Amino acid sequence: MVSRQAYGSGDPVTIVVPGLGATPGEARIPASGLPGTRVVVTLPSHGDEPDAPEGYWRYETIAADVAKIADEVRAQKAIGVSLGAAVLTRIAAEDPDRFDRIALLLPAVLDQPRSAEVQAVLRKQTSEDEIVKTLPTGYALGDYVQARAKAMRRLTMAIDELAVQFPIADREALRQVTAPTLVISATGDPLHPTEIAEQVAAAFAKGQLEVFDSTAPLITHRAQLRSLLQVAWRA
């Protein structure tokens, strides 16, 4: 159901869970430059993976698949982006001692559904024109916009189903998580409101929030983000 690709070798082992519609290259970005082994997950309906079966797009289902891989590869650390951040949040709530370090990039949801405004933006992400509106100008993106729009058009069922869901019912469960948790947010990102990142960071017992003045820090602040993760992984 969920595949994985390992990069590097040795300890620590970090599992990387990308966002919905992430292209293969995009999925690897958070793992770049980290020590040890990085295991990048590919969800159904992504990359070369088969389409997800009907009813798959539930946080509990995705979290169970990701947790299984984390156990198989003996991951000590975890990075999640957007959907991946929500999935790791659920895993952490259910198993507070599972990881010794967590990074949640651009979380979009915690214990309430997305706002109607965010849902509306999410449902437009199959359009190249709409994707461009969420990205910074002045950066060479190659065929990224086209590739992402194509990926999202394959995920219309996931978009509709996940838009009204949330990963955990009670944020108080996160107070039991023992891992230091780095939360990355971006200003002006219509899909990942800063206030959600603030709530996520505050919910974790050892949460740390970093906010980038950018709509897409994985594009505009990649070096700074990499440095933050490297420091966190050494701590």
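Note that the structure is predicted; figures quoted are calculated from it, not measured. The chain is numbered in sequence order, starting from 1.
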Other residues, nucleotides, ligands: >12 heavy atoms within 6.0 Å of Arg153 CZ: yes

Residue pairs passing the salt bridge (charged side-chain N to carboxylate O under 4.0 Å, His left out) test where at least one lies in residues 136-149, sequence neighbours excluded: Glu26-Arg148

Pairing residues for Phe212 by the ring-ring contact (aromatic ring centres under 6.0 Å, His included) criterion, not counting sequence neighbours: His221

Backbone N/O of Asp100 and side chain of Lys77: donor-acceptor pair under 3.5 Å: no

Exceeds 12 heavy-atom contacts within 6.0 angstrom, atom CG of Asp170: yes

Donor-acceptor side-chain pairing of Arg226 and Gln230 below 3.5 angstrom: no

Linked, directly or transitively: Ile219 and Leu229 (ILVMFWY side chains, under 4.5 Å): no

Same apolar cluster (I L V M F W Y, side chains within < 4.5 Å links), Leu83/Ile159: yes

Exam field: side chain Arg90 to backbone Pro167, donor-acceptor pair closer than 3.5 Å: yes

Electrostatic pair Asp129-Lys124, nearest N-O below 4.0 angstrom: no

Polar side-chain atom of Thr37 near backbone of Asp11 as donor-acceptor pair, under 3.5 Å: no

Donor-acceptor contact present, side-chain Arg38 to main-chain Val16, <3.5 Å: no

Salt bridge (charged side-chain N to carboxylate O under 4.0 Å, His left out) partners of residues 39-55, not counting sequence neighbours, each pair once: Asp51-Arg154

Main-chain N/O of Leu162 paired to Arg114 side chain as donor or acceptor, under 3.5 Å: yes

Side chain Thr187, main chain Ser214, donor-acceptor under 3.5 Å: yes

Residues Leu182, Glu210; criterion side chain to side chain contact (heavy atoms under 4.5 Å, CB included); working and verdict: CA-CA 8 Å; Leu182 175 65; Glu210 296 286 345; 3.8 Å; yes

Reference residue His46; test side-chain contact (heavy atoms from CB on, under 4.5 Å); the match among Val2, Leu155, Val41: Leu155

Under 3.5 Å: donor-acceptor pair, side chain of Thr42, backbone of Val40: no

Note, Leu106 side chain near Leu218 side chain (heavy atom, < 4.5 Å): yes

Check: Arg175 side chain, Ala203 main-chain N or O, donor-acceptor pair, under 3.5 Å: yes

